[in-house]
Amino acid sequence: MSDMNKKTVDPGKDNRKIKSVSRMKEIMTHYYIDAKTARESGKKVAWITSGGPVEPLIAMDVIPVYPENHGAMVGASKMGVDLCQKAEEMGYSSDLCSYARADIACAATQGGPIGGLPEPDFLVCCNNICGTVLKWYEVAARYYKVPLFILDTPFIHREMRKEAQQYVMSQIEEYIAFLEAQCGRKMDYDRMTDVGRLAVEGLRLWQAVLDTAAHKPSPITAFDLFFHLGLIVTLRGTQVTVDYYQGLLDEMNERIANNIAMVPGEKYRLLWDNLPVWYKTRWLSDKFASHKACLVADTYTSAWSGVLPLIDEDRFLETMSLSYSQVYINISHDMMIDKLSEMIRKYDADGLVMHSNRSCKPYSLGQYDLQKMVMEQLGIPTLIIEADMVDERHFAESQIETRIDAFMETLKS
Amino acid sequence: MMNPQDEILKKFQTVSENPHEYARSIKEQTGKKIIGFFCSYTPEELLQAAGVVPFRLFGTARDIELAESHLQSYCCSLVRGGLEDALRGRLDFMEGTVFPHTCDSIQRLSDIWRLNAGFDVHIDAVMPVKLNTPSARKYMVDVLAGVRKDLEKSLNITITDHAISESIELYNRIRSSLLSLYRMRSRKPAVIPQSAVYHTMKAAMVMDRAEFAKDLEALVASLEKLPVKDVETVRKRIMLSGGICNQPDIYKIIDKAGGEVVWDDLCTGLRYAAGFIEESNQPIEALANRYTRRIVCPAKHASITARGESLLAEVHKQKIDGVVFLHLKFCDPHAFDYPYLKDFLGRENVPSMLLEIEEQAPPEGQLRTRFETFIDML
């Protein structure tokens, strides 16, 4: 029996529990109730991609709904396999993104953890995260027969060219015009400015929360961050998000003051790459903790605030569009390695764990090259876990366990 | 002695079966530089204007070893096979590569290629994904102008408007002859076997374009003179739809099973041949117009039903009995469109089948049974 399965008395467990969790659940529950009852309250619902500019929606009083967040919920509630199979029966290949498959099946069957997402009045798709969202949103646009706005953010191979900047900026004007047409009223630019400021404040606070993991021992792990990320994705630009992250930050600082480690006896600090394996976060968290290893940071939860230096809150709309084009997953490998190295140094990571996620080609293809670069340039050990974020059929537990154990042995030697 | 059309077709087949050998010989004979590409959104007209031979890459289907250490198994055979060829030095006759933005896998391949394959020239043409707005069209023009500049810089040359206009004329000649060939075959399938059209298409994407244009025009002219009956009654008319087809055997198997491939919506087929370029004094704008109007690839967006509508229109126009979707495994854009396209066809009672190709096509016996079952049903 491995260490992680032993039942031991753990007096520090209550101290380690993050108190903000219950507040987060409360906010998310309210948010989904609002979204589900939008029709009654006369509000519009827009589906939007996780990397998309939500701020103009907030300023227009539109309720943003995130199929990807929903995909994560499906994964975490272990309903992925069933829903993915339903999509496959509808003709969608089992090789397609499992978020998309699960969501398409939910729409058709009113299934999933919340009985399907509230129907959209219109769709906003930003392809800064992948080409998959374009196809997925086309499916949704045909299914719900609603308008689709595409914000096309050209991929950055070595530099963001001037013509790409102009293209993106002109689309922000088109986006606002689209929203005005959908909502039947003009954008209130004063309100937009306020929302922009709140978005920046939220991002700063979120980054400050992430930064607390640089402390040794870390008060938080990436597995916790996967959960707390929810608001910076869905409700960026609102006061409730700002207040929430202020509370979380205060809690983390208090833990640092009291020297509370999220992983008791933290000895090894690791960095995670790619989306979480949603149905196995607990298992993975326990597994690494059993080796006294803490996943202190990751390239995923830091993607939103990673572009903060590029945003000028006084010119929010303009700089927002350019910054969203430059998120971690929309840049070339040689640009990614700079960010990865910076994170490894900042959090003083001893090793890198990469989730090769068959659902996400733009995040995963090239990981082998990045792995080599990390080993050569930074000399730290790396581990690649072949899995999928939602489709549990692609998780070979015993094999992965053996690989994690072997990786940790390398780290310890 | 062979008649002229057989001679030309034999030449095309030789090139199609040994494209690397052909590229090496043309480089040696003419001293022209060769630049590779994967996708029909590559502005070949600019490469041609730069005095370069644009060379389509199809990727090996055999023995993927070196690419294994760069690409996961859940990546299509075109991307893996293309990288394998590059890493093994099989493309050493190339100066470099142009990567237009298409799908997530090609986008990532471009980086891996640039960092590992060791070519001198590497150009990313990050085109717009949507093609239906004025700002996207403007950006398309900017990207094409950027490719022109990048080529000039990489090859240390100047590309004049005049050279681009000449290239456009040449490509219009090629494309209109290719379309004539397709139309002729759709009317009179007995005129040449479909596998010969396949080899012609492949040669079109590989050969020195001026030489190819001459050969193709001679081919079409002599085929037009052949006495062939207009109507074939018993054989079922099949249309292929998908990305690339690098499987000449498929045509033969469909043929044996009683089907006749008379039309397609393939990146290596009609999507390559379609789209006339205006011959104007603004050649770059004209190129952009072709891309924004041409039949769309599923990795790009013209409207949410553009592909379904154009598929149905061709099905009716060409009197198609059944559609065979030919997809590479792990090709996301095509896989996402499949259920809706199948549904579009189904609503008008047009049967379809899906053939997913992994590294190689399934064994002939198995394929034949599948095609026979499908064609019997029509």
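None of these values were measured; they are calculated from a predicted model. All chains are named by letter (A, B, ...) in the order of the sequence lines, taking the proteins before the strands, and each is independently numbered beginning at 1.
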Q: Give a yes or no on whether a salt bridge exists between Asp334(A) and Arg158(A), defined as a side-chain N under 4.0 angstrom from a carboxylate O.
A: no
Q) Under a 4.0 Å N-O cut-off, is there an ion pair linking Asp150(B) with Arg161(A)? A) yes
Q: With a 4.5 angstrom heavy-atom cut-off, could you sort out which part of Pro134(B) is near chain A: side chain, backbone, both or neither?
A: neither
Q. Measuring heavy-atom distances to chain B, does Lys372(A) have an atom under 4.5 Å in its side chain, in its backbone, in both, or in neither?
A. side chain
Q | Short N-O contact, Asp104(B) and Arg108(B), less than 4.0 angstrom | A | no
Q) If you count heavy-atom pairs under 4.5 Å between each of Leu109(B), Asp343(B), Ile112(B), Thr305(B) and chain A, which one has the most? A) Ile112(B)
Q) When only heavy atoms count and the cut-off is under 4.5 Å, which of residues 172-182 of chain A reach chain B? A) Glu174(A)
**Q.** Contacting region of Ala335(B) [heavy-atom separation from chain A under 4.5 Å]
**A.** both
Q) Asn116(B) versus chain A, heavy atoms under 4.5 Å apart: side chain, backbone, both or neither? A) side chain
(Q) Here's one to test your reading of the geometry: is the NZ or CZ of Lys300(B) within 45 degrees of the ring axis of Tyr41(B) and under 6.0 Å from its centre? (A) yes
(Q) Out of Leu115(B), Thr133(B), Leu354(B), return the one with the most heavy atom pairs under 4.5 angstrom to chain A. (A) Leu115(B)
Q) Contact part of His101(B) toward chain A, heavy-atom cut-off under 4.5 Å: side chain, backbone, both or neither? A) side chain
Please output the side-chain donor-acceptor pairs of residues 138-147 of chain B that fall under 3.5 Å, not counting sequence neighbours, one pair per line with the distance.
| from | atom 1 | to | atom 2 | distance (Å) |
| --- | --- | --- | --- | --- |
| Lys138(B) | NZ | Asp142(B) | OD2 | 3.0 |
| Tyr139(B) | OH | Val126(B) | O | 2.7 |

Q. Quick one: do Lys339(A) and Glu342(A) make a salt bridge, cutoff under 4.0 Å?
A. no
Q) Do you know which of Pro154(A), Ala141(A), Ser93(A) has the most heavy-atom pairs under 4.5 Å to chain B? A) Pro154(A)
